[in-house]
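As structure tokens, the structure follows; a few thoughts come after it.
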2 protein chains.
Amino acid sequence: MSSVPIANPGEDLGRGAQARLALVNAAVEVFGESGLEAATTREIAQRARQNIAAIAYYFGGKEGLYRAVAEHIVQVILARIGPLMDEAEGFLEETKPAPTQCLAYLKKLLELSIATNQSMVPLTGIIVREQTHPTRAFSILYQGCLERLQRLGASLIRAYLGNGAAEHECIVRFHAMLGEALAFRFARETILRRAGWSEVGDKEETIIRSVVTEHAELVLRGLKRNSRRNS
Amino acid sequence: MSSVPIANPGEDLGRGAQARLALVNAAVEVFGESGLEAATTREIAQRARQNIAAIAYYFGGKEGLYRAVAEHIVQVILARIGPLMDEAEGFLEETKPAPTQCLAYLKKLLELSIATNQSMVPLTGIIVREQTHPTRAFSILYQGCLERLQRLGASLIRAYLGNGAAEHECIVRFHAMLGEALAFRFARETILRRAGWSEVGDKEETIIRSVVTEHAELVLRGLKRNSRRNS
DNA sequence: GTCTATAGTCGGATAGAC
DNA sequence: GTCTATCCGACTATAGAC
């Protein structure tokens with residue numbers, strides 16, 4: 001697992017580390033736009049202002065670079081939601097987690113998952129491809145962060161409902177709720193055209209956030225109400 | 001708009017039409033797996049048991065074939081949800097559409113959008129690519145069916161809420177709800193691994209259907225309840 | 001209408017100079 | 001460690017035979 005350091009402006013990296021970093025950043029863009037097969041090492045090297053041979057030298061080839069990109073994506077996602085996941089996981093360790101707090105963590109998790117920034121577009125492209133046509137890189141993404149996120153989300157729902165719901169039911173429910181958040185990245189062009197937006201900026205993301213979290217809250221409250229009625 | 005006929009086993013097609021059909025069907029698979037750039041006309045011709053030159057002859061080249069594939073996808077989707085959209089659109093013309101019927105149509109629409117069949121995987125691949133990195137083919141998909149589906153869904157939500165909600169709000173809400181349904185196609189691999197499913201078959205789709213429609217109902221009922229309380 | 005043969009382009013990888 | 005030059009394979013498109 002040759003982890004590639006994230007950009008860290010203050011730090012003094014050796015020439016080698018700088019070259020690796022530039023290549024990975026360029027590769028995220030190019031792989032995101034074109035996919036593993038269609039992307040060309042020439043394009044990546046050019047954008048990174050590095051020599052073509054550097055890819056073979058540092059990563060062993062195109063595939064190795066692609067794996068390094070997957071590891072980089074995990075780091076980016078963990079930098080974004082890792083601290084919240086740590087906190088929420090700790091909270092769930094408590095003997096009796098408060099339902100309102102479960103809901104709050106769930107909403108926070110969904111909000112951070114929306115991530116419609118322009119800078120996320122290349123990452124989204126890669127992740128979507130790996131979801132629909134997984135390669136060996138999918139395991140890096142899944143074991144690196146996706147599984148943990150899914151597990152935490154399902155556990156929060158389960159704890160909110162008082163552990164009355166089956167685990168597999170909560171897994172499906174969280175997957176669906178996360179789908180609401182991701183719809184604005186995965187089906188970006190449709191919402192842009194239909195809503196008449198030219199981009200998904202801060203203003204638009206605020207609207208999305210309030211809708212997604214409101215939906216999640218309405219679903220969970222409704223489920224709890226129904227379960228009370230049936231008991 | 002050179003529309004390509006959908007497979008129709010009983011009908012007698014000329015050799016030319018048969019060749020076109022075989023090429024489009026093969027192209028859906030290959031473009032779905034690899035994308036426009038990475039897909040090769042050799043692979044497509046081979047799977048279709050047609051000569052490579054036939055692609056240039058019938059479609060003018062790789063790009064023309066890709067456009068034909070987009071038109072084919074529109075036909076497949078319309079064959080699936082077109083009749084329901086016709087009916088629901090007619091229903092909305094009524095002077096005072098019943099909210100319960102709005103909800104019923106919305107749930108039906110979401111159910112049909114789940115479509116996790118193995119045969120939908122290539123279509124999903126193409127649609128997802130076009131959403132995140134649209135080419136000229138996106139307009140074929142959007143104007144052919146996506147816009148109409150989105151418009152209808154948002155209108156159903158609006159009618160259910162008694163036209164009290166703003167249109168753009170309903171657009172975002174429907175996009176989010178549709179995201180719940182599509183999450184199981186767009187993020188297929190994650191749910192397979194987490195739920196321990198080997199495929200998304202009939203049994204799994206039944207679970208997904210009940211969760212997605214239940215969520216939609218809970219959201220809409222909750223919204224209506226809240227709007228009553230605030231008035 | 002259908003197919004073969006080929007022209008012209010571009011890709012990834014690597015040998016070997018510095 | 002870094003880079004240039006080059007090899008070899010694979011691609012699309014087309015000319016022209018049948």
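What you see is a predicted model; the values in this text were computed from it and never measured. Each chain gets a letter, A, B and so on, in the order its sequence line appears, and its residues count up from 1.
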task = Report the distance from atom CD of A/Gln46 to atom C1' of C/dC10, rounded to the nearest whole Å.
result = 14 Å
query = So which of A/Leu192, A/Val200, A/Ile191, A/Val211 actually passes side-chain contact (heavy atoms from CB on, under 4.5 Å) with A/Phe184?
reply = A/Ile191
task = Please state how far atom CD in A/Gln50 lies from atom P in D/dG1, giving the value in whole angstrom units.
result = 14 Å
query = Side chain of B/His168, backbone of A/Ala195: donor and acceptor closer than 3.5 Å?
reply = no
task = Scan B/Ala39 against the nucleic acid and name what it touches under 4.0 Å (heavy atoms): base, sugar-phosphate only, or nothing.
result = sugar-phosphate
inquiry  = Measure CD/B/Glu63 against P/D/dC11 and give the value in whole Å, please.
reply    = 17 Å
task = Quickly work out the B/Leu23 CG to C/dC3 C1' distance and round it to whole Å.
result = 14 Å
ask   = Looking for any heavy atom pair under 4.0 Å, which part of the strands does B/Ala38 touch: base, sugar-phosphate only, or nothing?
value = nothing
ask   = Which nucleotide sits closest to the side chain of A/Lys62: D/dT14, C/dG12, C/dT14?
value = C/dG12
Short N-O contact, B/Arg136 and B/Glu63, less than 4.0 angstrom = no
request  = Examine B/Arg67 relative to B/Phe59 and say whether NZ or CZ is less than 6.0 Å from the centre of the six-membered ring and inside a 45° cone about the ring axis.
outcome  = no
note = Rounded to whole Å, the OH-P distance (A/Tyr58 to C/dG12) equals 19 Å
request  = For A/Tyr57 and C/dA13, give me the distance from atom OH to atom P, rounded to whole Å.
outcome  = 17 Å
ask   = Starting at CG of B/Asn51 and ending at C1' of D/dG16, how long is that distance when rounded to a whole Å?
value = 14 Å
request  = Please tell me which of the listed nucleotides, D/dT14, C/dG11, C/dT14, lies nearest to the side chain of A/Arg42?
outcome  = C/dG11
key: Gap between atoms CZ and C1', on A/Phe59 and C/dG12 respectively (whole Å)   = 16 Å
